[in-house]
2 protein chains.
Amino acid sequence: MTSLSDPRRNEALRRRPTMKNVADLAGVGVKTVSRVINREPHVSEETIARVRRAAEQLQYQPDMQAGNLRRADRRTDTLGLLVGSVANPFSAAVHRAVEDIALERHVAVFASSLDEDPERELSSVNAFLRRRVDGLILTTIQPSQAYLGAQLDRGIPIVFVDRRPNGIEADAVITENAEGATGAVEHLLALGHRRIAYLGDDEKIFTARERKRGYLDTLRRHGVAPEDRLIVDNLDDEAKASDAVARLLALDDPPTAIFSAQNLITLGVITSLRSAGASTRVALVGFDDVPMAAMLEPAITVVAQDPASIGEIAARRVFDRLDGLDEPARDFIVPTRLIVRGSGEIRPF
Amino acid sequence: MTSLSDPRRNEALRRRPTMKNVADLAGVGVKTVSRVINREPHVSEETIARVRRAAEQLQYQPDMQAGNLRRADRRTDTLGLLVGSVANPFSAAVHRAVEDIALERHVAVFASSLDEDPERELSSVNAFLRRRVDGLILTTIQPSQAYLGAQLDRGIPIVFVDRRPNGIEADAVITENAEGATGAVEHLLALGHRRIAYLGDDEKIFTARERKRGYLDTLRRHGVAPEDRLIVDNLDDEAKASDAVARLLALDDPPTAIFSAQNLITLGVITSLRSAGASTRVALVGFDDVPMAAMLEPAITVVAQDPASIGEIAARRVFDRLDGLDEPARDFIVPTRLIVRGSGEIRPF
DNA sequence: AGCAGTTATGACATCGTTATCAGATCCAAG
DNA sequence: CTTGGATCTGATAACGATGTCATAACTGCT
């Protein structure tokens with residue numbers, strides 16, 4: 001007799017039931033159980049019912065890992081997603097869109113945060129690959145993504161989001177960064193601003209380079225010489241952005257407008273302009289939307305991105321490739337939209 | 001001779017290399033490769049180097065799925081996380097905290113959104129289980145979680161977050177919802193408010209019930225009879241919340257203060273109060289923090305939750321259990337914090 | 001020299017599933 | 001009554017790794 005505390009009994013209880021267990025209980029072979037579970041034809045109604053009952057009784061869950069090992073298509077119905085940070089609203093919106101597309105295909109998503117750390121890029125990608133994901137959607141920070149070439153050759157679709165890869169030809173879904181920046185700067189120029197400051201992130205980041213390029217090119221095209229004193233890079237948090245604004249406002253000839261090239265930076269700018277009492281005097285246009293922007297006083301004019309589209313396009317591309325689409329790699333450029341709310345329409349003093 | 005287009009050659013190229021391939025290239029047995037990859041002892045330096053070189057050359061990545069099948073501990077180093085929605089800031093913060101803890105242990109996280117849909121709860125949980133996750137962290141909406149009993153018995157740790165489970169004894173990490181609501185309501189009562197409206201979510205949601213209970217109990221304890229006309233449930237989006245506020249303001253004896261029990265509802269309330277020009281007349285305290293709350297005019301007083309702690313505690317609990325901790329299930333109550341910013345300190349008119 | 005103990009290695013079974021194939025049964029048509 | 005073709009079923013190999021165990025070559029000790 002086996003008692004509740006008998007280790008063997010516990011062992012049996014603790015083990016997840018296998019197809020063999022179901023087969024024995026139903027009095028059929030394992031292959032028949034496999035057929036029922038996978039809804040394959042050529043099983044009698046009566047056998048199906050018996051197997052179903054046994055599976056139910058044991059609370060059987062098939063082990064996909066074991067199945068995938070042998071299965072012909074070798075798919076794990078799993079996808080790896082690497083974003084800036086799952087806690088960042090932009091990344092979260094991308095993630096959500098990817099999840100929604102993946103859900104339609106019963107594909108589960110591994111999500112991971114990059115934190116602009118090259119080491120994390122490698123370890124996340126490796127973690128995904130060891131788990132045999134069917135495809136990858138990646139935001140990257142390594143100078144080159146050539147290390148992914150072999151995976152691409154082996155038919156694992158890889159789509160880059162938000163940033164274009166280097167050293168490898170692969171699909172990329174990116175915001176029209178330079179054009180968006182151009183729109184912002186032209187908007188300010190049209191109001192008469194000439195002293196327009198640029199506050200941006202580390203130029204190691206693709207989007208930062210692009211947005212800065214848009215800013216510089218646009219100024220020059222309109223005959224305004226960019227001034228080094230009005231250009232600040234490497235702002236990777238809100239506090240640094242605030243400090244930078246304080247310094248700009250203290251100049252002899254301070255800027256009459258600010259183009260803030262990233263959303264955390266925009267928050268820092270708002271804080272700093274307010275505490276200097278300059279928020280209704282200095283114009284501000286931010287790249288990427290800011291939560292509650294419409295509720296602020298003044299409301300914040302931004303170049304809004306469309307993270308949901310980015311995620312959706314990336315996910316669809318991965319699945320198209322998994323479905324056999326064999327096109328050359330290409331970029332998908334997602335448009336931005338200038339949302340006029342007030343802060344960007346302040347005229348120069 | 002095999003040409004580039006020879007299907008066999010392509011086949012070989014496309015296949016991910018196996019340990020056998022590495023073993024053959026290095027001129028050793030598969031078990032030796034396994035030892036090297038897993039850093040097991042009893043392999044000569046020279047052999048290690050040969051195997052490493054071969055693995056490098058083939059860009060070999062071990063297949064964890066195959067390994068897990070045989071491995072003694074049966075761990076997949078994978079965790080399933082179900083949150084309200086990965087795009088929601090509260091959920092995203094929980095997710096991020098879970099990811100950070102998981103990363104320390106080289107555990108990958110499947111993240112999924114519940115969307116308050118009972119069907120989605122079941123399908124997500126099943127998707128996780130079929131993929132043999134080591135543990136589950138779940139936000140739920142089904143009336144009972146008894147269906148998870150077998151998994152719990154089999155030793156899969158399950159920790160519920162944000163909502164307490166029903167019909168099953170399992171760990172739960174939850175915000176002190178009723179107490180937080182009490183704090184908000186007492187804050188308003190102390191200022192002299194007696195007509196305090198409650199705007200809340202569907203009572204099917206655990207947190208909504210708890211917060212409402214806190215509101216009702218507190219009013220009664222302070223000798224204020226709750227008024228049905230001032231209590232609105234089932235507000236599941238911003239627009240509905242706005243409409244509800246408009247109706248409340250149109251009453252003969254409108255509320256002098258509003259307790260908004262969820263963050264999307266708070267946004268709707270703000271919008272509506274503003275458009276009615278009542279935002280500096282009617283007091284507002286929201287449950288759960290709102291982005292940019294400090295920047296608004298008036299700034300929004302809230303009962304802030306601590307999603308990062310919730311995620312961290314839940315993840316640690318899962319790993320403690322995986323490490324063999326055998327305590328009875330318990331609740332972890334995460335405190336709230338009343339953040340006084342202005343909107344909640346408006347006195348009754 | 002002989003023996004025990006350690007190190008280095010690989011053959012083989014095994015994990016839980018699916019693919020292949022062969023055998024049994026049944027039915028309809030000749 | 002045979003034949004051919006479905007339909008139903010299960011035995012067995014295989015997937016890519018790890019666990020077990022046997023074997024061979026050393027090492028250090030009597």
Side-chain angles (χ1 to χ4, degrees), chain A residues 11-12 14-51 54-55 58-78 129-133 154, chain B residues 11-12 14-52 54-55 58-78 129-134 154:
Chain A
E11 198 48 41
R14 292 178 73 87
R15 256 202 139 51
R16 90 160 28 211
T18 68
M19 261 187 188
K20 178 87 172 48
N21 302 141
V22 177
D24 291 349
L25 182 59
V28 299
V30 282
K31 180 67 224 202
T32 298
V33 176
S34 173
R35 277 193 270 261
V36 173
I37 297 292
N38 296 297
R39 301 184 146 68
E40 284 170 39
H42 306 311
V43 186
S44 71
E45 284 305 326
E46 197 234 323
T47 306
I48 292 178
R50 256 217 325 288
V51 170
L58 295 176
Q59 297 229 44
Y60 171 73
Q61 288 273 7
D63 181 335
M64 283 181 65
Q65 311 225 30
N68 293 150
L69 196 56
R70 190 60 166 83
R71 185 174 272 116
D73 63 15
R74 324 232 75 217
R75 294 280 166 81
T76 56
D77 289 343
T78 288
L129 291 174
R130 276 197 301 270
R131 287 175 176 80
R132 288 232 348 238
V133 296
R154 280 174 200 150
Chain B
E11 199 48 40
R14 292 179 73 89
R15 256 200 140 52
R16 92 163 19 212
T18 69
M19 261 189 188
K20 179 87 173 49
N21 302 141
V22 177
D24 290 349
L25 182 60
V28 299
V30 282
K31 181 67 222 203
T32 298
V33 176
S34 172
R35 286 197 186 87
V36 173
I37 297 292
N38 295 297
R39 300 183 145 69
E40 284 171 39
H42 306 310
V43 186
S44 72
E45 285 304 327
E46 197 232 322
T47 306
I48 291 178
R50 259 218 322 288
V51 170
R52 284 263 154 74
L58 296 176
Q59 296 228 42
Y60 172 72
Q61 289 273 8
D63 181 334
M64 283 180 66
Q65 312 225 28
N68 293 150
L69 197 55
R70 189 60 166 83
R71 184 175 270 116
D73 64 13
R74 325 230 74 216
R75 295 279 167 82
T76 57
D77 289 344
T78 288
L129 291 174
R130 276 197 300 270
R131 287 174 178 81
R132 289 233 346 239
V133 296
D134 294 336
R154 279 171 200 152

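Computed over heavy atoms, backbone and side chain alike; hydrogens, waters and symmetry mates excluded. Only a predicted model underlies this, so the values are computations on that prediction, with no experimental measurement involved.
Interatomic distance, Ile37(A) CD1 to Arg35(A) CZ, rounded to the nearest 0.5 Å: 13.0 Å. Atom CZ of residue Arg71(A) and atom CG of residue Asn38(A) lie 6.0 Å apart, to the nearest 0.5 angstrom.
The nearest pair of heavy atoms linking Asn68(B) to Arg75(B) is ND2-O, 2.7 Å. Across every non-hydrogen atom of Val22(A) and Ala55(A), the tightest pair is CG1-N, 3.9 Å. Closest approach of Leu58(B) to Arg154(A), counting heavy atoms only: O-NH2, 2.8 Å. Pairing each heavy atom of Ala54(A) with each of Ala26(A), the nearest pair is CB-CB, 3.9 Å.
In this view, Glu45(B) satisfies the side-chain hydrogen bond (donor to acceptor under 3.5 Å, both in side chains) rule with no residue, not counting sequence neighbours. Residues satisfying the side-chain hydrogen bond (donor to acceptor under 3.5 Å, both in side chains) test with Thr32(A), not counting sequence neighbours, are none. Under the rule for a salt bridge (Lys or Arg N to Asp or Glu O under 4.0 Å), the partners of Arg132(B) that lie at least two apart in sequence or sit in another chain are Asp63(A).
The outermost nucleotides of DNA chain C lying under 4.0 Å from heavy atoms of chain A, listed 5' to 3', are dG16(C) to dT20(C).
The 5' end of DNA chain C is approached more closely, in terms of each residue's nearest nucleotide, by Ser44(B) than by the other of Ser44(B) and Leu69(B).
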For a quick check, with a 4.0 angstrom heavy-atom cut-off, what is the B/S/- contact string for nucleotides 17-23 of chain D, read 5' to 3'?
SBBB---

Enumerate all atom pairs, one protein N or O and one N or O from nucleotides 4-6 of chain D, separated by less than 3.5 Å.
none

